[in-house]
Amino acid sequence: MKVPLFDPTSAIEPLRAEINAALLEVSAAGQFILGPNVEAFEQEFANAVGADEAIGVANGTEAITIALRALGVGPGDEVIVPSFSYYASAEAIPPTGAVPVFCDIDPSTYISTAEQVKAVMTPRTKAVVAVHLFGNVAPVAEIEALGVPVVEDCAQAAGSVGPGGRPGALGAIASHSFYPSKNLGAFGDGGAITTSDKELAERVRMLRFHGSRDRVTYEEVGFNSRLDEIQAAVLRVMLPQLSQWAQHRAAVGQTYSELGLGDLVTLPQPAAAATPAWHLYVVATDNPDQLAEQLGASGVESRGYYRSPIHEQPSMSAWPTRQGTLPGTDEAARRHLALPISATIGDDQLEQVVTAVRAALGR
Ligand SMILES: *Cc1c(COP(=O)(O)O)cnc(C)c1O
């Protein structure tokens, strides 16, 4: 039996009829941009996250850019971001006019500590993009205690729980992605911004609609960045399932540990007081690509996602790291390997993964 790295379809199979009905309703209603489903989903998603407001946008990348713009980030500013993340976390910064400043991560959790953020702060630091990578929960309150607002990048952390609440309600403002393979995935691109600051929420609504509040006066150069009505209708059917899917993802981490995976490779450590709804279950080992090849031969998919950290990507060459090397980032980039996880993966499949890892490492 093959064990795929992820499985975005099994979980939504029982919802298929309801989703199809919702799609037909949107088709019949004929209102495709900023209609009733977007408005209802924004309220439902805000409630699920525990923030006062949610604003639907086109995708998780623009969500970061717009959140930064709402905070007033612009030319001459610096925005701190971890180099070990999905590329979009940093790509979203230059379009504001600000420059990305790369910070390190703790390779045992894959997230940045407040100390690592502090190490690269300057008087120009205007905001920090704190990434809840792989579903783990970044220390947002500790970072904001340094005196800078945080944009939480929640793209991989739908359903996770952290100290003091859920990702998306821990800092000034937060970005979310509904890319199909994420923990809460639509039938195409989609994203949202959450905040409990009314003024920021109003700025986001203005920025996502071409920089206009009333569609007559255009006060800032903004974006055409909305969540589609069709995607909102799909997401409204899925959202009530999120906490159950998240519980399963958290339980997979437990089960991998109980099966002895931690004797073979280094397991990801949940951040203090966090219950991660693991988006990817990422372990560390000395020769990950060799292990991946051996696992593949026994039908178990695995993959290193961020083998080259963002600061080494050609597009980022104008912004070298402030401290030279980022040792935690380099270690994680070299050693990480994502193993199979999904909202429905069964214990038999997890056993097959652990057995395959044990055999591959000759234990
Ligand atoms: C997926 C992802 C994004 C970007 O989201 P899109 O909806 O694909 O634009 C940003 N940050 C992280 C950490 C992601 O995983």
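Excluded from the calculations below are hydrogen atoms, water molecules and symmetry mates; all remaining heavy atoms, backbone and side chain alike, are included. As the structure lists them, so they are numbered: ligands from 1, and atoms in each ligand from 1.
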Contacts of K126 that satisfy side chain to side chain contact (heavy atoms under 4.5 Å, CB included) - sequence neighbours left out: V73, D77

Judged by modelled atom types alone, do S315 and Y87 share a side-chain donor-acceptor pair under 3.5 Å? yes

Test ring pair (Phe, Tyr, Trp, His ring centres under 6.0 Å) applied to F102 - qualifying residues, sequence neighbours left out: none

Minimum heavy-atom distance between T321 and T325, given as atom pair plus value: OG1-N, 4.4 Å

For E44, what residues pass the salt bridge (Lys or Arg N to Asp or Glu O under 4.0 Å) criterion, not counting sequence neighbours? R236

For each nitrogen or oxygen atom of ligand 1, which protein N/O atoms lie closer than 3.5 Å, and how far apart are they, rounded to 0.1 Å?
{"from": "ligand 1", "atom 1": "5 (O)", "to": "S177", "atom 2": "OG", "distance (Å)": "3.3"}
{"from": "ligand 1", "atom 1": "7 (O)", "to": "G60", "atom 2": "N", "distance (Å)": "2.8"}
{"from": "ligand 1", "atom 1": "7 (O)", "to": "S177", "atom 2": "OG", "distance (Å)": "2.6"}
{"from": "ligand 1", "atom 1": "9 (O)", "to": "G60", "atom 2": "N", "distance (Å)": "3.3"}
{"from": "ligand 1", "atom 1": "9 (O)", "to": "T61", "atom 2": "N", "distance (Å)": "2.9"}
{"from": "ligand 1", "atom 1": "9 (O)", "to": "T61", "atom 2": "OG1", "distance (Å)": "2.5"}
{"from": "ligand 1", "atom 1": "11 (N)", "to": "D153", "atom 2": "OD1", "distance (Å)": "3.3"}
{"from": "ligand 1", "atom 1": "11 (N)", "to": "D153", "atom 2": "OD2", "distance (Å)": "2.7"}
{"from": "ligand 1", "atom 1": "15 (O)", "to": "Q156", "atom 2": "NE2", "distance (Å)": "2.8"}
{"from": "ligand 1", "atom 1": "15 (O)", "to": "K182", "atom 2": "NZ", "distance (Å)": "2.7"}

For T9 and D7, does a side-chain donor sit closer than 3.5 Å to a side-chain acceptor? yes

